Protein chains: 2
Amino acid sequence: MSRSDHDPSPLDDAARAGWLSYVGGMTQDQIAVELGVSRQRAQRLVSRAMAEGLIRVRLDHRIGACLRLEAELTRRFALMECRVAPALAPGADPAHGIAGVAAEVFERVLARPEPQVIAVGTGRALRGMADELQPQPCIRHRIVSLIGNIAPDGSASFFDVLMRIADKLQAPHYPMPVPVISDSAEERASFYRLRPVRAVVDLAQRADATFVGVGQMGDDAPLYKDGFITLDELRDLQRQGASGEVAGNIYDASGRYLETELIGRMGGVRIAPASDRPVVGIAAGPTKVAAIRAALTGRIINALVTDETTAQALLA
Amino acid sequence: MSRSDHDPSPLDDAARAGWLSYVGGMTQDQIAVELGVSRQRAQRLVSRAMAEGLIRVRLDHRIGACLRLEAELTRRFALMECRVAPALAPGADPAHGIAGVAAEVFERVLARPEPQVIAVGTGRALRGMADELQPQPCIRHRIVSLIGNIAPDGSASFFDVLMRIADKLQAPHYPMPVPVISDSAEERASFYRLRPVRAVVDLAQRADATFVGVGQMGDDAPLYKDGFITLDELRDLQRQGASGEVAGNIYDASGRYLETELIGRMGGVRIAPASDRPVVGIAAGPTKVAAIRAALTGRIINALVTDETTAQALLA
DNA sequence: TCGCATGGCGGGCAATTGCTCAGAGGAGAG
DNA sequence: CTCTCCTCTGAGCAATTGCCCGCCATGCGA
């Protein structure tokens with residue numbers, strides 16, 4: 001087959017190989033012949049296409065067991081929406097399985113006819129969701145960040161969820177220009193006094209839908225592991241009953257926000273409990289069960305995307 | 001792993017196996033262990049999940065060569081929209097490759113904020129698109145058929161595109177209660193005089209977007225092969241310069257509708273040329289090149305989803 | 001109750017895929 | 001100009017997958 005076109009991007013070849021493999025169902029030998037390369041190169045291209053996330057896989061069948069868990073969680077915690085992804089292998093990254101399902105929930109919000117303001121947090125699960133989103137122009141919606149992404153060392157973008165989502169949707173987006181943790185409550189307040197900051201905070205607080213990860217406050221709490229707080233500070237929070245964290249706000253086992261000097265310096269927008277608009281928690285994994293349950297109990301989140309294993313633990 | 005749930009649907013197991021395989025990336029041996037079945041059964045379940053269409057694969061990367069073809073087609077035929085899917089193996093079903101791409105275009109129409117009336121034709125390509133659509137509730141839109149689906153022998157649903165789409169979208173839908181071919185022009189006219197029929201026809205004619213297949217009029221024309229017209233009638237049409245067919249209306253090489261006694265009996269809604277709203281032709285394959293080019297030339301369709309090979313032929 | 005058709009199940013084998021390893025080629029520093 | 005480092009390449013091999021075949025259970029008619 002004469003493929004006379006000059007393919008400048010190396011990803012083009014990968015995409016083409018992935019297309020032939022996944023859509024065309026061709027064997028790697030056939031792909032190699034079609035593309036005029038060696039079998040090994042074809043295999044590398046296909047594997048690259050997968051690794052680069054060029055290929056998006058969705059399952060159209062809702063499994064009965066998951067539907068039952070969704071119904072039970074919805075009833076028990078009076079949720080506005082709930083999605084349970086099938087269990088993956090016990091050792092696998094729990095964020096991976098729920099990413100696609102979370103993306104479907106997000107896309108449903110995008111499908112609403114009215115222009116939406118959508119607030120997003122950060123974290124591994126949100127990042128996974130962003131990667132699974134189907135690219136589509138949605139310029140009528142606005143995406144706003146609930147939390148700054150400036151790390152203690154000044155570097156940006158740990159998991160830059162906002163930019164990735166806005167990029168896929170070509171939507172206007174509003175980063176939160178505030179440090180995750182300021183040096184003092186005064187510094188935080190001075191940020192919040194700035195007019196542009198206030199505008200973003202206002203937008204976030206009146207979001208039509210909110211998507212957040214849920215952080216746990218055990219000994220390997222993300223806040224501590226990512227260097228936002230010290231071990232001493234973590235221990236102190238644990239002593240005060242910290243159970244979880246949503247958008248940089250820490251709450252106890254009943255889902256009530258804690259108030260400490262440290263928390264007074266944290267930059268995230270505080271989500272008002274018991275919102276009448278969906279606040280979707282996206283989280284799974286055995287370590288997060290307590291944090292998720294607390295957030296559900298306190299109605300900090302009123303919708304949930306999780307996996308089967310976590311759902312069972314939440315109901316146990 | 002104790003999976004104590006009773007899975008009533010056999011598809012549930014297939015879906016779970018497919019999930020573990022495609023999302024979890026597990027080997028069939030691991031899946032077998034996880035599900036507590038033999039390796040062979042796991043393999044059968046995974047293969048079943050694929051065969052039943054439970055798994056939807058999309059590619060997120062637009063290949064440069066295809067983008068160039070899209071740009072050139074758009075320019076040459078003054079198209080409102082154009083998408084070119086990468087080439088598949090020469091022998092493969094051309095409808096398969098373009099189905100996913102067509103579904104993306106359709107979904108973009110669904111994403112419009114205003115309630116849309118979407119008209120659809122029939123055929124293999126449309127059917128493929130329907131299968132690739134992502135299920136999502138879109139009750140604000142209406143789907144209307146351009147053409148009846150009553151075969152000469154009275155059986156319904158050759159490729160019942162309308163129902164499949166409406167089913168996935170839970171959208172109101174309007175079938176066209178008219179035979180594909182009536183026995184006489186008078187019979188056709190009497191159908192069209194019925195108020196419910198008129199209502200559907202009106203709706204179809206003012207659709208905000210239209211999706212149609214393109215039929216060719218060679219010796220193996222679908223109209224003839226599916227038994228809607230006889231060989232003699234086909235020959236007669238060919239003599240009169242029939243080049244293609246869209247929604248049961250036949251046109252010549254310059255894309256002008258033909259008028260014959262036979263055509264006067266055909267039940268499809270005639271699409272007005274040069275519409276100011278998108279009329280998307282979904283078609284690919286070497287046999288269809290002439291029919292597509294004619295439809296483009298006559299501006300019966302003003303948007304196109306096709307594959308690389310066909311695109312090259314159209315531009316040659 | 002028996003015989004036969006049907007359909008699912010596991011065993012085994014051939015095809016396909018993924019991975020590792022040694023070597024080639026190219027860019028950049030000295 | 002040469003050396004080194006780094007990446008990419010192709011070969012070979014082990015793991016994985018797909019498929020065919022004989023077997024068994026179940027259901028239906030005689």
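The chains referred to below are lettered A, B, ... by the order of the sequence lines, with proteins before strands, and numbering in each begins at 1. Since we're looking at a predicted model, the values are computed, not measured.
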>> What is the separation between atom CG on A:L45 and atom P on D:dG10, rounded to the nearest whole Å?
In response: 11 Å
> In whole angstroms, how far is the C1' atom of D:dA11 from the CZ atom of A:R41?
Replying inline: 17 Å
> In degrees rounded to 10°, what angle is found between the helical axes fit to the five outermost pairs at each end of the helix from C:dT1-D:dA30 to C:dG30-D:dC1?
Replying inline: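 Here the helix ends are tilted 20° relative to one another.
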>> My understanding is that only residues two or more places apart in sequence, or in another chain, count here; which of them pass side-chain hydrogen bond (donor to acceptor under 3.5 Å, both in side chains) with B:T310?
In response: B:D307
>> Could you work out, with side-chain hydrogen bond (donor to acceptor under 3.5 Å, both in side chains) as the rule, every residue matching B:D219, not counting sequence neighbours?
In response: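 Result, side-chain hydrogen bond (donor to acceptor under 3.5 Å, both in side chains) vs B:D219: B:R235, B:Q238.
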>> Using the side-chain contact (heavy atoms from CB on, under 4.5 Å) criterion, which residues pair with A:L67? Sequence neighbours excluded.
In response: A:R62, A:E70
> Excluding sequence neighbours, so at least two apart, what forms side-chain contact (heavy atoms from CB on, under 4.5 Å) with A:A171?
Replying inline: A:I143, A:L169
N/O donor to acceptor pairs below 3.5 angstrom from side-chain atoms of residues 91-110 of chain B, sequence neighbours left out:
unit_1 : atom_1 : unit_2 : atom_2 : d
B:D93  : OD1    : B:A95  : N      : 3.0
B:H96  : ND1    : A:V23  : O      : 3.3
B:E107 : OE1    : A:Q134 : NE2    : 2.9
B:E107 : OE1    : B:R58  : NH1    : 3.3
B:E107 : OE2    : B:R58  : NH2    : 3.0
B:E107 : OE2    : B:Q134 : N      : 3.0

>> I want to check something: taking the side chain as every heavy atom from C-beta on, are A:L88 and B:L20 in contact at a cut-off of under 4.5 Å?
In response: yes
List, with names and distances, any nitrogen or oxygen atoms from the protein found under 3.5 Å away from nitrogen or oxygen atoms belonging to nucleotides 16-19 of chain C.
unit_1 : atom_1 : unit_2 : atom_2 : d
C:dT17 : OP2    : A:T27  : OG1    : 2.8
C:dT17 : OP2    : A:Q28  : N      : 2.8
C:dG18 : OP2    : A:Q28  : NE2    : 2.6
C:dG18 : OP2    : A:Q43  : OE1    : 2.7
C:dG18 : O6     : A:R39  : NH2    : 2.9

Under 3.5 Å, side-chain donor or acceptor atoms of residues 43-55 of chain B against the rest of the protein: list the pairs with distances, not counting sequence neighbours.
unit_1 : atom_1 : unit_2 : atom_2 : d
B:Q43  : OE1    : B:Q28  : NE2    : 3.4
B:R48  : NE     : B:E52  : OE2    : 3.2

>> Test: salt bridge (charged side-chain N to carboxylate O under 4.0 Å, His left out). Region: residues 128-138 of chain A. Which pairs qualify, not counting sequence neighbours?
In response: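 Every pair satisfying salt bridge (charged side-chain N to carboxylate O under 4.0 Å, His left out) with a residue in residues 128-138 of chain A: A:R127-A:D131, A:D131-A:R164.
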> Do any side-chain nitrogens or oxygens of A:S38 fall under 4.0 Å of OP1 or OP2 in D:dT9?
Replying inline: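 For D:dT9, neither OP1 nor OP2 has a side-chain N or O of A:S38 closer than 4.0 Å.
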> Below 3.5 Å, does any donor atom in the side chain of B:R44 face an acceptor in the base of D:dG18, or the other way round?
Replying inline: no
